[in-house]
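Have a look at the structure below before the remarks.
We count ligands from 1, going down the list as the structure has it; atoms in each ligand are counted the same way. Excluded from the calculations below are hydrogen atoms, water molecules and symmetry mates; all remaining heavy atoms, backbone and side chain alike, are included.
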Amino acid sequence: MTDTTIRNLKYHQDSEVTLKGWLHNKRSSGKIAFLQLRDGTGFVQGVAVKNELPEEVFRLCKDITQETSVIVKGIVRRDERAPSGFEISVTDLKAVSPSEEYPITKKEHGIEFLMDHRHLWMRHKRQHAILTIRARINRAIREFLDGEGFILIETPIITANSCEGTTNLFELDYFEQKAYLSQTGQLYNEAAALAFGKVYSFGPTFRAEKSKTRRHLNEFWMIEPEMAYFDHQANMELQERLIEYIVGSVLENCAMELKTLNRDTGRLEMVKAPFPRITYHQAVEMLKEGGFDFEWGGDFGAPDETFIAEQFDRPVFVEKFPAKIKAFYMEPDPENPEVVLGADLLAPEGYGEIIGGSQRIHDYDLLLKKIEEEGLPVEDYMWYLDLRKYGSVPHSGFGLGLERTVAWLCGIDHIRETIPFARMLNRITP
Ligand code: 4AD
Ligand code: MG
């Protein structure tokens with residue numbers, strides 16, 4: 001008898017195994033019980049037949065309640081129709097610990113109820129599939145960047161510096177000094193890039209955005225590579241290779257989860273570098289031709305981004321935004337200083353901006369001027385300006401929003417399901 005997991009059933013076809021998990025759901029008639037079993041690695045159906053089992057075992061199969069923890073023995077049978085590809089003919093069942101009146105039942109529940117029970121809801125099939133894909137994306141990102149010779153840098157979460165505007169900072173009292181929860185690791189990554197060449201941070205970031213949209217969280221995770229001697233072009237080339245790698249890895253390793261989510265994988269198969277590049281100017285023309293009332297100089301809203309992205313079959317870079325609507329640190333385009341050498345990467349199918357990136361200003365005087373124009377306290381940025389004083393080089397980087405990437409690859413319409421415990425305007429528990 002072998003202990004195994006649902007994910008590894010394929011190695012045990014036609015033999016008897018032990019699974020340790022939970023009874024997720026059940027359906028039974030007089031002579032047969034269908035047990036939905038889960039063990040953390042996946043879901044599988046166990047079939048318990050009355051006249052093949054000792055009486056007390058079959059009775060337990062019939063009476064057992066949802067989310068009771070169980071140890072099941074059974075024979076692994078091939079079943080083409082099952083998402084796991086297998087079914088278990090139950091030979092024994094033991095209850096480990098009971099579960100009384102489990103709140104999430106087969107009936108329809110509202111989203112707020114489910115979010116209130118997130119600590120339990122994450123056990124369910126769809127949520128399990130989404131978070132499994134999230135973990136795979138995490139892993140793919142690290143595989144790719146580590147393989148490219150990047151060094152992982154831990155940037156601080158408590159910081160005195162803002163980087164992405166001062167209107168959405170979570171402020172805190174740091175021993176009577178003003179501090180913020182980090183909006184981005186970028187400024188620290190720039191220091192690290194000049195020490196290590198190619199670096200990335202992968203951490204939580206915080207934005208006090210009072211918006212209730214399908215794309216915004218107040219705490220989200222960002223992957224931020226930063227590279228010395230990379231210009232704007234090299235920056236985009238790295239981004240498209242990273243995205244191609246992530247999508248390929250999810251397609252290869254998460255077939256079962258994508259099936260659970262009914263994801264149209266045909267759209268994902270098309271995600272191959274190079275990605276199209278258009279300028280902000282061209283995007284504005286596109287919007288106007290599409291009947292949108294849009295003025296040069298404005299920032300794109302979700303419907304604008306969706307329309308632009310719909311014109312392409314894969315992610316699209318929109319580059320050279322007006323400097324006025326972008327962050328202070330972006331390098332001006334030498335051909336037209338009104339726009340910057342940065343790009344947003346828009347995901348297909350209406351998922352919006354998944355990456356924001358740019359070449360950084362590497363000239364001391366220009367950066368100082370921008371910091372002053374932005375109204376930031378220069379003394380807190382002296383260390384950042386130092387990087388332009390001691391061997392400054394052109395450098396570039398970007399931030400990939402993990403949750404928006406998960407939403408896109410899973411094909412789900414709200415970002416709240418892409419993170420284990422979402423932090424949103426009206427939600428801080430569980
Ligand atoms: O475009 P953003 O603000 O860029 C930066 O923070 C840069 N400092 C990154 C860098 O160059 N190192 O954010 C980057 C990405 C966005 O493209 C989006 O995917 C995600 O972070 N993002 C959010 N995701 C969820 N909820 C929010 N409120 C988000 N704000 C940004
Ligand atoms: Mg952005």
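Taking atom 26 (N) of ligand 1 as the reference point, the nearest protein heavy-atom neighbour is Leu217 N, 3.0 Å. At the top of the distance list for atom 16 (C) of ligand 1, counting protein heavy atoms only, stands Glu353 OE2, 3.3 Å. Protein heavy atom at the shortest distance from atom 30 (N) of ligand 1 is Phe220 CZ, 3.4 Å.
Looking at Thr205, Thr184, Asn189 one by one, the single match for side chain to side chain donor-acceptor pair (under 3.5 Å) with Glu224 turns out to be Thr184.
With atom 6 (O) of ligand 1 as the reference point, the heavy atom nearest to it among Arg207, Gln183, Gln186, Glu219 is part of Arg207. Of the candidates Arg404, Glu209, Glu190, it is Glu209 that places a heavy atom closest to atom 28 (N) of ligand 1.
Residue-ligand proximity: Glu164 is placed with a non-hydrogen atom under 4.0 Å from ligand 1. At least one heavy atom of Tyr329 sits closer than 4.0 Å to an atom of ligand 1. Not a single heavy atom of Glu226 lies less than 4.0 angstrom from ligand 1.
Side-chain atoms of Thr418 never come within 3.5 Å of backbone atoms of His414 as a donor-acceptor pair (strictly under, hydrogens ignored).
Looking only at atom types and distance, the side chain of Glu417 has a donor-acceptor partner in the side chain of Gln127 under 3.5 Å away.
Near the Mg ion (ligand 2), less than 2.8 Å away, sit the protein N, O or S atoms Glu353 OE2.
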